[in-house]
Amino acid sequence: TITSIVSISPASNIQINTITINHSSCFNPATGSIQVNASGANGPLSYSLNGTSSNLNGSFAGLSGGSYLIRVADINGCYKDSMVIVNAPQSMYFSNPFVTILNCNGGLGNISMTGEGGVPPYSYSINGSQFSSNSSWINLPSNTYTILLQDANGCLHDTVVSMIQP
């Protein structure tokens with residue numbers, strides 16, 4: 001007669017207690033985060049996001065806008081899933097660019113652009129100047145100009161305009 005002792009663990013009852021979502025304030029860089037707190041399982045819990053990055057603290061940062069599958073698993077391989085959404089503003093860009101070409105040596109040109117995406121209202125800067133609501137610059141000499149767009153969340157987008165003498 002062979003006698004075996006078999007130990008059977010009770011079924012895991014993972015409970016996701018809280019999920020805290022901090023939405024991304026910018027499209028780029030991604031600043032969203034998720035914090036998950038769970039309990040009621042066998043052994044330490046591991047947390048994963050979209051089946052990849054796994055950790056033991058349930059904290060995920062640097063997230064862009066989108067849907068995320070959170071999986072909380074115990075040492076027996078039992079798990080509980082939850083789907084969450086991190087929001088983010090749209091990508092920022094310039095629309096309606098208007099550049100007046102310099103018409104002769106020593107002539108001056110103009111640049112005008114409108115900000116889009118992100119979170120209005122917008123402010124603008126040219127070549128590191130102080131930000132203002134002005135999106136047009138006149139009487140500019142031949143040069144390369146960096147235009148910065150800043151939204152209400154402080155997110156930035158830039159473009160470079162070269163005004164060259166003909």
Side-chain angles (χ1 to χ4, degrees), residues 16-38 45-73 79-166:
I16 296 177
N17 302 320
T18 59
I19 298 175
T20 303
I21 302 168
N22 292 310
H23 299 287
S24 188
S25 59
C26 298
F27 179 83
N28 189 13
T31 59
S33 65
I34 298 171
Q35 178 66 50
V36 185
N37 180 302
L45 296 173
S46 66
Y47 300 83
S48 66
L49 196 63
N50 289 348
T52 57
S53 57
S54 181
N55 65 50
L56 298 177
N57 65 13
S59 183
F60 303 94
L63 303 176
S64 59
S67 298
Y68 293 92
L69 175 66
I70 297 169
R71 175 164 287 181
V72 182
Y79 61 89
K80 184 155 193 172
D81 290 341
S82 184
M83 184 68 84
V84 298
I85 295 175
V86 174
N87 295 323
Q90 293 180 347
S91 176
M92 293 182 358
Y93 61 95
F94 288 106
S95 66
N96 305 317
F98 181 77
V99 178
T100 302
I101 304 298
L102 306 168
N103 57 12
C104 60
N105 285 339
L108 301 174
N110 304 321
I111 300 173
S112 178
M113 297 189 177
T114 304
E116 300 285 342
V119 179
Y122 306 108
S123 56
Y124 305 84
S125 169
I126 187 169
N127 284 0
S129 67
Q130 184 174 353
F131 281 93
S132 75
S133 60
N134 180 34
S135 64
S136 297
W137 301 271
I138 60 172
N139 299 323
L140 299 171
S142 176
N143 201 349
T144 299
Y145 296 93
T146 300
I147 312 294
L148 284 174
L149 169 63
Q150 183 178 48
D151 74 356
N153 289 343
C155 306
L156 297 172
H157 176 72
D158 67 6
T159 193
V160 174
V161 176
S162 293
M163 293 179 35
I164 300 173
Q165 294 278 342

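Residue indices begin at 1 and follow the sequence shown. Heavy-atom basis, side chains included; hydrogens, waters and symmetry copies ignored.
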| request: Look at the side chain of Asn50 and the backbone N and O of Leu69, then say whether any donor-acceptor pair between them is shorter than 3.5 Å. | output: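 Yes.
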| task | Say whether, by atom type as modelled, one donor and one acceptor occur between the side chain of Asp151 and the main chain of Tyr122 under 3.5 angstrom. | result |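 No, the answer is negative, given that no donor and acceptor are paired below the 3.5 Å cut-off.
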Taking side-chain contact (heavy atoms from CB on, under 4.5 Å) as the definition, give me every residue that meets it alongside [X], ordered by chain and number, with sequence neighbours left out.
X      : result
Ser135 : Tyr124
Leu148 : Ser125, Phe131, Asp158
Asn143 : Tyr145
Thr144 : Val160, Ser162

| said: If I compare all heavy atoms of Ser46 with all of Ser54, which pair ends up nearest, and what's the gap? | reply: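 Taking Ser46 first and Ser54 second, the nearest heavy atoms are CB-OG, 3.9 Å.
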| field | Closest heavy-atom pair and its distance - Ala38, Val72 | value |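 What the structure gives for the nearest pair is CB-CG1, 3.7 Å.
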| side chain to side chain donor-acceptor pair (under 3.5 Å) partners of Ser95, counting only residues at least two apart |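 So Ser95 forms a side chain to side chain donor-acceptor pair (under 3.5 Å) with Glu116.
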Spacing of [atom1] belonging to [X] relative to [atom2] belonging to [Y], to within rounding of 0.5 Å:
X      : Y      : atom1 : atom2 : result
Ile34  : Leu63  : CD1   : CG    : 5.0 Å
Trp137 : Ile147 : CH2   : CD1   : 4.5 Å
Leu45  : Leu56  : CG    : CG    : 9.0 Å
Ile21  : Tyr68  : CD1   : OH    : 11.0 Å

| query | Tell me, do Val84 and Val36 make a side-chain contact under 4.5 Å, heavy atoms counted? | reply |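 Sidechains of Val36 and Val84: no contact.
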List the atom pairs, donor and acceptor, that lie under 3.5 Å between side-chain atoms in residues 106-114 and the rest of the protein, sequence neighbours left out.
{"unit_1": "Asn110", "atom_1": "OD1", "unit_2": "Asn139", "atom_2": "N", "d": "3.0"}
{"unit_1": "Ser112", "atom_1": "OG", "unit_2": "Ser136", "atom_2": "OG", "d": "3.0"}

| said: Suppose the criterion is salt bridge (charged side-chain N to carboxylate O under 4.0 Å, His left out): which pairs have a residue in residues 46-71, not counting sequence neighbours? | reply: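 Counting only pairs at least two positions apart or across chains, the salt bridge (charged side-chain N to carboxylate O under 4.0 Å, His left out) contacts touching residues 46-71 are Arg71-Asp81.
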| Listed by chain and number, what are the ring pair (Phe, Tyr, Trp, His ring centres under 6.0 Å) partners of Phe94, not counting sequence neighbours? |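 Testing Phe94 for ring pair (Phe, Tyr, Trp, His ring centres under 6.0 Å), a comparison that skips the adjacent residues, returns His157.
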| task | Would you list the pairs meeting side chain to side chain donor-acceptor pair (under 3.5 Å) in which at least one residue belongs to residues 23-37, sequence neighbours left out? | result |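 Residue pairs with at least one partner in residues 23-37: Asn17-Asn37, Asn22-Ser33, Ser24-Thr31, Ser25-Thr31, Gln35-Ser59.
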| query | Quick one: disulfide bond (SG atoms under 2.5 Å apart) pairs with a partner in residues 119-156, sequence neighbours left out? | reply |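 Sorted result for residues 119-156: Cys26-Cys155.
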Could you pull out every donor-acceptor pair under 3.5 Å between side chains of residues 86-93 and any protein atom, sequence neighbours left out?
none

